[in-house]
Amino acid sequence: MRNSIEELHDGPRRRVGPLAALVGRLPGAHDLLLMQCPGSLRPLAGGELPDWARAVLRTHPWVTVGRAPSVVGRPVDLPHPQQCTRDPEAAPELWFPVTVRGPRPGQRLDALAPWAAVARTLRPEQLAERRARLAPERLATNPALALLPEVGRLVADHRLPWGPIGAVGYELGSGVPVTGPLSPLRLVLRAPQPVSRRDALQLRRALSKLPVPVRAELETRHGSVQLAEYAAGQPALTLLTPYGPREVHDPWFPRGPYL
């Protein structure tokens, strides 16, 4: 019989190998990763994982992928002790930049997570449907969660794949109640092909009428740009890329310096 933790995470917490690799896609910015060996994380600042991060990862081993380059190397190449058994003769590991969300507002830890320790990935596009798993009182007291179906109808008119990120996305994926009554609703809108300024303005206006602050970003093949900034028709835009922010005029055909 499956226990409550297995039901929450759709399966056993400990599995062999990176099951997420079965989908044929490496993690990207805003994805949630379920870690089967949380102790394998390497804090970017060096040293050991802080006590609060260990406590969080023991009960809710979910981390969020950041927008930074991945790193290739063996555990001995990184300045942190190895916490999980691994063949030292194995091929170099692929490490992804991730963030651990702490119990206090604004408490975050930036780290590197090894691909071999990932048990599952959840993309933002997979999260809205998990709203049905939340307790009714969570929807009643948190507008950012309650309004997801309406957001879906508005975005559907523009045929853009989308998903919630930030606190809302984390709660939907992990089940941890981190969304509050005043939490904004952050969205990622997948836009591999150019979106007209007119369409962006229409969508921005529609989302701004919702009774909750909405912060949406357009994700292109090169990075993301804020929907509000693009819709406003500003000639210079800030494109967030894995290698840092970049000033561009067209986020689909970027030409411009890194900031």
Side-chain angles (χ1 to χ4, degrees), residues 18 20-21 23-35 38 40-46 49 53 62-75 77-80 91-101 106 108-127 160-170 173 186-195 200 215-230 234 236-259:
V23 302
R25 171 190 173 275
L26 293 176
H30 304 305
D31 284 2
L32 293 177
L33 306 182
L34 177 63
M35 304 302 299
S40 64
L41 266 63
R42 305 289 196 277
L44 286 182
L49 289 172
W62 290 93
V63 296
T64 305
V65 179
R67 192 183 301 278
S70 56
V71 178
V72 177
R74 293 181 173 84
D77 298 328
L78 301 174
H80 309 288
E93 182 60 88
L94 184 61
W95 301 76
F96 292 93
V98 299
T99 299
V100 181
R101 179 184 289 268
R108 302 289 187 272
L109 174 71
D110 293 326
L112 291 173
W115 181 227
V118 176
R120 189 182 183 201
T121 64
L122 285 174
R123 301 193 73 187
E125 294 92 321
Q126 298 173 279
L127 298 178
L160 294 174
W162 70 283
I165 56 177
V168 171
Y170 184 82
R186 294 182 57 203
L187 307 173
V188 60
L189 309 171
R190 305 292 186 188
Q193 303 301 324
V195 175
R215 301 171 186 170
E217 58 185 63
L218 292 168
E219 185 79 27
T220 75
R221 300 179 187 274
H222 305 280
S224 73
V225 65
Q226 292 299 311
L227 174 67
E229 186 178 351
Y230 179 70
Q234 298 182 16
L237 305 168
T238 300
L239 181 71
L240 299 181
T241 80
Y243 303 97
R246 188 177 182 183
E247 185 177 282
V248 302
H249 298 288
D250 187 334
W252 289 273
F253 301 94
R255 293 183 179 86
Y258 287 94
L259 301 178

Restricting to side-chain contact (heavy atoms from CB on, under 4.5 Å), what partner residues turn up for Ala191, sequence neighbours left out? Leu160, Val195, Leu218, Trp252
Any non-hydrogen side-chain atom of Leu112 less than 4.5 Å from a side-chain atom of Leu44? yes
Of all heavy-atom pairs between Leu41 and Ala113, which one has the smallest distance, and what is that distance? CD1-CB, 4.1 Å
Taking the side chain as C-beta and beyond, is there a heavy-atom pair between Arg221 and Gln193 under 4.5 Å? yes
Show your working on side-chain contact (heavy atoms from CB on, under 4.5 Å) between Thr241 and His222 and close with a plain yes or no. CA-CA 6 Å; Thr241 80; His222 305 280; 5.6 Å; no
Is Trp95 close to Trp115 at the side-chain level, that is, under 4.5 Å between some pair of heavy atoms? no
Taking side-chain contact (heavy atoms from CB on, under 4.5 Å) as the definition, give me every residue that meets it alongside Ala167, ordered by chain and number, with sequence neighbours left out. Arg101, Val178, Thr179
List the residues meeting side chain to side chain donor-acceptor pair (under 3.5 Å) with Asp250, not counting sequence neighbours, and say none if there are none. none
Answer whether the closest heavy-atom distance between the side chains of Pro43 and Asp110 falls below 4.5 Å. no
Minimum heavy-atom distance between Ala53 and Val100, given as atom pair plus value: CB-CG1, 4.5 Å
4.5 Å side-chain heavy-atom contact, Leu33 and Val65: yes
Test side-chain contact (heavy atoms from CB on, under 4.5 Å) applied to Asp31 and Phe96, step by step: CA-CA 11 Å; Asp31 284 2; Phe96 292 93; over 6 Å; no
With heavy-atom distances below 4.5 Å as the criterion, would you say the side chains of Leu49 and Leu109 are in contact? yes
Contacts of Ala216 that satisfy side-chain contact (heavy atoms from CB on, under 4.5 Å) - sequence neighbours left out: Leu187, Leu189, Leu207, Leu227
Looking at every non-hydrogen atom in both residues, tell me the closest pair between Glu93 and Pro114 and how far apart they are. CG-CB, 3.7 Å
With rounding to the nearest 0.5 Å, note down the distance linking CD in Glu247 to OH in Tyr258. 13.5 Å
Under the rule for side chain to side chain donor-acceptor pair (under 3.5 Å), what residues qualify as partners of Ser70, not counting sequence neighbours? none
For Glu125, the side chain to side chain donor-acceptor pair (under 3.5 Å) test, sequence neighbours excluded, returns Arg190
Using side-chain heavy atoms (C-beta onward) and a distance below 4.5 Å, is Val225 in contact with Leu240? no
Measure the CG-OG1 distance between Leu32 and Thr121 for me, rounded to the nearest 0.5 Å. 9.5 Å
Are Leu122 and Leu127 side-chain neighbours, meaning at least one heavy-atom pair lies under 4.5 Å? yes
Is atom CZ of Arg215 surrounded by more than 12 heavy atoms (other residues, nucleotides or ligands) closer than 6.0 Å? no
Closest heavy-atom contact between Ser40 and Met35? OG-CE, 4.4 Å
Of all heavy-atom pairs linking Pro124 and Pro164, the shortest is O-CD, 3.5 Å
Nearest heavy atoms of Glu229 and Thr238, plus distance in Å: OE2-N, 3.1 Å
Out of curiosity, Arg108 CZ to Thr64 OG1, how far, rounded to the nearest 0.5 Å? 8.0 Å
Going by the rule side-chain contact (heavy atoms from CB on, under 4.5 Å), which residues pair with Glu217 if we only count those two or more places apart in sequence or in a different chain? His30, Arg67, Ile165, Arg186, Val188, Glu219, Ser224, Gln226
